[in-house]
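Notes follow once the structure below has been shown.
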Amino acid sequence: MATVFTTYTPGDRLRDIIDDNSLLLLVISRFSIPFGFGDSTVAEVCRENGVDCATFLAVANLVCGKTVPDAHISLSSLTGYLKKAHTYFLDFNLPQIRKKLIEAVNTADVTDVTFLIIKYFDDYAIEVRRHMEYENEVLFAYIKKLLEGEIDESFDLDSYSSTHTDMADKLNELKEIIIGHYRRSGNDILNSFLYDIINCQGDLISHCMVENRLLVPAVREMEQNVRVRHLESAAEALPPAEARAAAVTDENLSDREKEVIVCVAKGMSNKEIADALCISVNTVTTHRRNIAHRLQIHSQSGLTIFAIIHRLIDIKDIRLR
């Protein structure tokens, strides 16, 4: 009896989970894992091939619709996987599908509609290439800098994630046009083409899920970590005046002033602070003026450092931008 998996784990044999779901053939290829792994477990195969096991399992479980365990994602392993996926789509999958489409329509009467269908597919392939090359050249370059401890402020992860799509809608549209309106019979190659674009559509949706549910949160976490390290370095390198101000014990501040400082460190506006503390905006402005005069710290970043040093706020609660 075949094993029923609710989630794949490091101790499972890799060949068993492939038997459970053949989509894992694409996953192992994109992690550059060669065949010939015998009865080795997932952990053993990943270790042998230099693949982060937690990242592999997160992708494998997500793609196959299993329960995805909480795990630290390796951005280097995941971006390697995604780059390989892009190469597969752009250099192999879409060109092979196009080749099959040309062969399929050549067996039918060539009409203006035939050329329009080919053009539709070609325009779609160009759109996919533009999308994936942007990720290769911009998003992955940004991640590379993050891994080196730098943040490129010209890249906005929120903008990327809010406009990121799976690119599968137009394939579905093409499928619907052909099935519903392109009247051809007895064309096995055209049937095979439709089967291929249905599979490609599912693959693109899974690919987008990996980016949205695994990559984007991992990048956010890395951004947070890098910004925290920058804040800590800035705190150590404070100018003498600010350093003396940061050394002021928090007994010099009223409870309300401490609350205001915490809100500022969280990145809240004066209006947001007023609403949160149930005071007027003018009162918030007065508190901030008094705090700046007392501490000789005027900027949000400076007050954030002060709040961290004096344990008024946990770094995790800071809205880092």
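The structure displayed is predicted, hence computed values, not measured ones.
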Set of residues satisfying ring pair (Phe, Tyr, Trp, His ring centres under 6.0 Å) with respect to Y88, sequence neighbours excluded
F92

Who passes side chain to side chain contact (heavy atoms under 4.5 Å, CB included) against P69, sequence neighbours left out?
T7, N61

pair V216-V219: side-chain heavy atoms closer than 4.5 Å:
no

Any side-chain heavy-atom pair from V226 and E150 closer than 4.5 angstrom?
no

For F89, what residues pass the ring pair (Phe, Tyr, Trp, His ring centres under 6.0 Å) criterion, not counting sequence neighbours?
H207

Could you give me the CA-CA distance, side-chain angles and deciding distance for F306 and L253, then say whether side-chain contact (heavy atoms from CB on, under 4.5 Å) is met?
CA-CA 12 Å; F306 176 88; L253 300 168; 3.7 Å; yes

Sequence neighbours excluded, the answer for side chain to side chain donor-acceptor pair (under 3.5 Å) partners of H164 is E135, Y160, E211, N212

How far apart are the closest heavy atoms of I261 and L303, and which atoms are they?
CG2-O, 4.0 Å

For K99, check side chain to side chain donor-acceptor pair (under 3.5 Å) against everything at least two apart and list the hits.
none

Got a second to check how far L171's CG is from N199's CG, nearest 0.5 Å?
11.0 Å

Are any non-hydrogen side-chain atoms of F37 and I18 less than 4.5 angstrom apart?
yes

Answer yes or no: is there an ion pair linking E257 with R294, defined by an N-O contact shorter than 4.0 Å?
yes

Q201 side-chain N/O to I198 backbone N/O, donor-acceptor pair under 3.5 Å:
no

Side-chain heavy atoms nearer than 4.5 Å, only ILVMFWY residues, links allowed to pass through others: does that put I205 and M167 together?
no

Would you indicate whether the side-chain heavy atoms of S192 and K100 approach each other to under 4.5 Å?
yes

Of L75, V59, I73, which meets side chain to side chain contact (heavy atoms under 4.5 Å, CB included) against L215?
L75

Could you work out, with ring pair (Phe, Tyr, Trp, His ring centres under 6.0 Å) as the rule, every residue matching F193, not counting sequence neighbours?
none

Rounded to the nearest 0.5 Å, what's the gap from OG1 on T163 to NE2 on H131? Could you check?
8.5 Å

Considering only heavy atoms from C-beta outward, does the side chain of T283 approach that of R256 to under 4.5 Å?
no

Are F35 and L24 grouped together when hydrophobic residues (ILVMFWY) are joined by side-chain heavy atoms under 4.5 angstrom apart?
yes

Rounded to the nearest 0.5 Å, how far apart are CE of M222 and CG of L146?
6.5 Å

Going by ring pair (Phe, Tyr, Trp, His ring centres under 6.0 Å), name the residues that satisfy it together with F5, two or more places apart in sequence or in a different chain.
Y8

Given 3.5 Å as the limit, does a donor-acceptor pair link the side chain of S29 with the main chain of L25, or not?
no

Looking at every heavy atom in both A292 and H298, which two are closest together, and how far apart are they?
CB-ND1, 3.4 Å

With no hydrogens and no angle check, do the side chains of Y81 and S32 hold a donor and an acceptor under 3.5 Å apart?
no

Are the side chains of L94 and R98 in touch, meaning some heavy atoms are under 4.5 Å apart?
no

Verify the cluster assignment for L139 and L82: are they in a single hydrophobic cluster under the rule of side-chain heavy atoms below 4.5 Å apart?
yes

Between CG of D39 and CG of D16, what distance do you get to the nearest 0.5 Å?
8.0 Å

From F121 CZ over to I97 CD1, what is the distance, rounded to the nearest 0.5 angstrom?
5.0 Å

Pairs where residues 160-179 contributes a residue and the test salt bridge (charged side-chain N to carboxylate O under 4.0 Å, His left out) is met, not counting sequence neighbours
E127-K170

Which atom pairs, donor and acceptor, lie under 3.5 Å between side-chain atoms of residues 42-50 and protein residues at least two apart or in another chain?
{"residue": "E44", "atom": "OE1", "partner": "T41", "partner atom": "N", "Å": "2.9"}
{"residue": "E44", "atom": "OE1", "partner": "T41", "partner atom": "OG1", "Å": "3.4"}
{"residue": "N49", "atom": "ND2", "partner": "V45", "partner atom": "O", "Å": "2.8"}

Joint hydrophobic cluster, V27 plus L204, side-chain heavy atoms closer than 4.5 Å
no

Where do L23 and V63 come nearest, in terms of heavy atoms and distance?
CD1-O, 3.9 Å

Checking N282 against T285 for the side-chain hydrogen bond (donor to acceptor under 3.5 Å, both in side chains) test, could you report, in this order, the C-alpha distance in whole Å, the side-chain angles of both residues, the deciding distance, and whether it holds?
CA-CA 5 Å; N282 286 338; T285 302; 5.1 Å; no

Heavy-atom distance under 4.5 Å between the side chains of I291 and L295, does that happen here?
yes

For a 4.5 angstrom cut-off between non-hydrogen side-chain atoms, does L277 reach V284?
no

Could you check whether Y134 and H86 have their ring centres less than 6.0 Å apart?
no

About how many Å separate CD1 of I118 and CD1 of I102, when rounded to the nearest 0.5 Å?
3.5 Å

Pairing residues for S162 by the side chain to side chain donor-acceptor pair (under 3.5 Å) criterion, not counting sequence neighbours:
none

Quick one: do Y124 and Y195 end up in the same hydrophobic cluster if we chain Ile, Leu, Val, Met, Phe, Trp and Tyr together by side-chain heavy atoms under 4.5 Å apart?
no

What residues form a side chain to side chain donor-acceptor pair (under 3.5 Å) with D203, not counting sequence neighbours?
R30

Side-chain donor/acceptor of D52 to backbone N/O of T55, under 3.5 Å:
yes

According to the salt bridge (charged side-chain N to carboxylate O under 4.0 Å, His left out) rule, which pairs have a member within residues 66-84, sequence neighbours left out?
D20-K66

Where the side chain of S161 meets the backbone of D158, is there a donor-acceptor pair that is under 3.5 Å apart?
yes

side-chain hydrogen bond (donor to acceptor under 3.5 Å, both in side chains) between E137 and Y142, intermediate numbers included
CA-CA 9 Å; E137 297 167 8; Y142 175 74; over 6 Å; no

Do NZ/NE/NH1/NH2 and the carboxylate oxygens of R15 and D19 come within less than 4.0 Å?
no

Before accepting this row, confirm whether a basic side-chain N of the pair K145/E148 lies closer than 4.0 Å to the acidic partner's carboxylate O.
no

